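Whatever order the structure lists them in is the order used to number ligands and atoms, beginning at 1. Computed from a predicted structure; not experimentally measured.
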Amino acid sequence: MPQGLLIVFTGNGKGKTTAALGMAMRAAGHGLKVCFIQFIKGGWHYGELDAVKRFAGLIDFHVMGRGFTWKSDNIEEDARLAREAWDFACGAIASGRYHTVVLDEFTYLLHYHMLPLDPCLDVLAGRPPGQQVVVTGRYAPEQLVAAADLVTEMQAVKHPLTSGIKAQQGIEF
Ligand code: ATP
Ligand code: MG
């Protein structure tokens, strides 16, 4: 019986979302079903959106919050959208259809208290046996780290942005 892990990619360095995409690819390569949910989307057209179309039937990709970035000037609306997005994720987790569920940039919803932490941790703990959940984003709450089986903190040693190299297609998006 495979042991579904709770995995967290956090920290200030680059590589969290791309690590989660790598795991999704790896699972899909074995014919295992993946649900990849992006909680926050920047303004770019992300290459992964088109790349996963080539894995149709294996990787279900969803951008929540209707594809915009959460804005803090309307906290109530943000919280409502956060709940809606989380409800969707709960459905994917509970469906039992997926070997892997990725909650990309989910840590921000917890960090900024858009969702109550304990019920979210309960859902993660109660996921179907054998299901792997990957959570990405900076500022992973301590309790999430404590609950996880695998936590990697990306450390920003160098980033091209600080030497004036702008975000590039195929690298950042
Ligand atoms: P990626 O999607 O490339 O794996 P990430 O998920 O680790 O990056 P996020 O925190 O989600 O990073 O931020 C997304 C964007 O911010 C990326 O374009 C990334 O290059 C950029 N970024 C990440 N870390 C840094 C940093 N230390 N300094 C400046 N920009 C950064
Ligand atoms: Mg990311």
Side-chain angles (χ1 to χ4, degrees), residues 5-29 34-55 58-73 78-79 81-86 88-90 92-93 98-115 117 120-121 123-124 132-145 147-173:
L5 303 179
L6 177 58
I7 298 175
V8 175
F9 294 133
T10 190
N12 294 327
K14 173 174 160 64
K16 301 173 289 294
T17 296
T18 43
L21 282 164
M23 298 211 60
M25 290 273 298
R26 184 169 280 173
V34 177
C35 185
F36 196 110
I37 303 172
Q38 256 182 359
F39 283 88
I40 300 177
K41 184 174 177 276
W44 294 314
H45 184 83
Y46 289 89
E48 55 262 38
L49 288 171
D50 298 317
V52 294
K53 285 183 191 152
R54 301 178 191 189
F55 292 85
L58 279 175
I59 304 180
D60 293 339
F61 199 93
H62 302 276
V63 180
M64 303 310 294
R66 299 193 194 91
F68 66 89
T69 310
W70 311 91
K71 300 167 289 173
S72 48
D73 57 354
D78 288 351
L81 287 166
R83 275 196 305 275
E84 215 175 87
W86 173 239
F88 180 85
C90 289
I93 290 168
Y98 299 105
H99 168 272
T100 296
V101 176
V102 179
L103 309 176
D104 187 38
E105 319 295 351
F106 181 63
T107 54
Y108 300 100
L109 279 66
L110 301 174
H111 178 71
Y112 293 110
H113 305 289
M114 290 192 256
L115 294 171
L117 182 60
C120 290
L121 293 175
V123 169
L124 296 179
Q132 164 169 266
V133 173
V134 183
V135 178
T136 88
R138 298 174 189 208
Y139 323 122
E142 255 174 58
Q143 282 168 270
L144 176 65
V145 168
D149 301 293
L150 191 167
V151 181
T152 298
E153 187 168 325
M154 273 59 177
Q155 192 193 342
V157 177
K158 269 187 168 186
H159 194 284
L161 199 70
T162 50
S163 32
I165 302 171
K166 287 189 187 137
Q168 300 181 74
Q169 188 181 57
I171 299 174
E172 260 79 35
F173 58 91

(message) I want to confirm something. Looking only at heavy atoms, which of Q168, R138, M154 is nearest to atom 24 (N) of ligand 1?
(response) R138
(request) Mark up the atoms of ligand 1 that fall under 4.0 Å of a heavy atom belonging to A156, in ascending order. (result) 27 (N)
(request) May I ask you to list the atoms of ligand 1 that are less than 4.0 angstrom from any heavy atom of T18? (result) 1 (P), 4 (O)
(request) Give a yes-or-no answer on whether the side chains of N12 and H159 include a donor-acceptor pair shorter than 3.5 Å. (result) no
(message) the Mg ion (ligand 2) and T17: any N/O/S contact shorter than 2.8 Å?
(response) yes
(request) Confirm or rule out an N/O/S atom of D104, from backbone or side chain, lying less than 2.8 Å from the Mg ion (ligand 2). (result) no
Select one of side chain, backbone, both or neither to describe which atoms of [X] lie under 4.0 Å from any atom of ligand 1, heavy atoms only.
X    : result
N12  : backbone
L161 : side chain
Y139 : neither
K14  : both

(request) Take every heavy atom of W44, measure it against each atom of ligand 1, and state whether any distance is under 4.0 Å. (result) yes
(request) Please state whether G13 comes within less than 4.0 angstrom of ligand 1, counting heavy atoms only. (result) yes
(request) For atom 14 (C) of ligand 1, state whether the nearest protein heavy atom is under 4.0 Å away. (result) no
Side-chain ([X]) to main-chain ([Y]) donor-acceptor, under 3.5 angstrom:
X    : Y    : answer
Y98  : I93  : no
K158 : S163 : no
T107 : R138 : yes

(request) Specify whether F173 and W44 have parallel, tilted or perpendicular ring planes, treating 30° as the upper limit for parallel and 60° as the lower limit for perpendicular. (result) parallel
(message) Once rounded to the nearest 0.5 Å, what's the spacing between atom OG1 of T100 and atom CD of Q132?
(response) 4.0 Å
(request) Taking atom CE of M154 as the centre, report whether more than 12 heavy atoms of other residues, nucleotides or ligands fall under 6.0 Å from it. (result) yes
(message) Give me the residue, atom name and distance of the protein heavy atom closest to atom 18 (O) of ligand 1.
(response) E172 CG, 2.8 Å
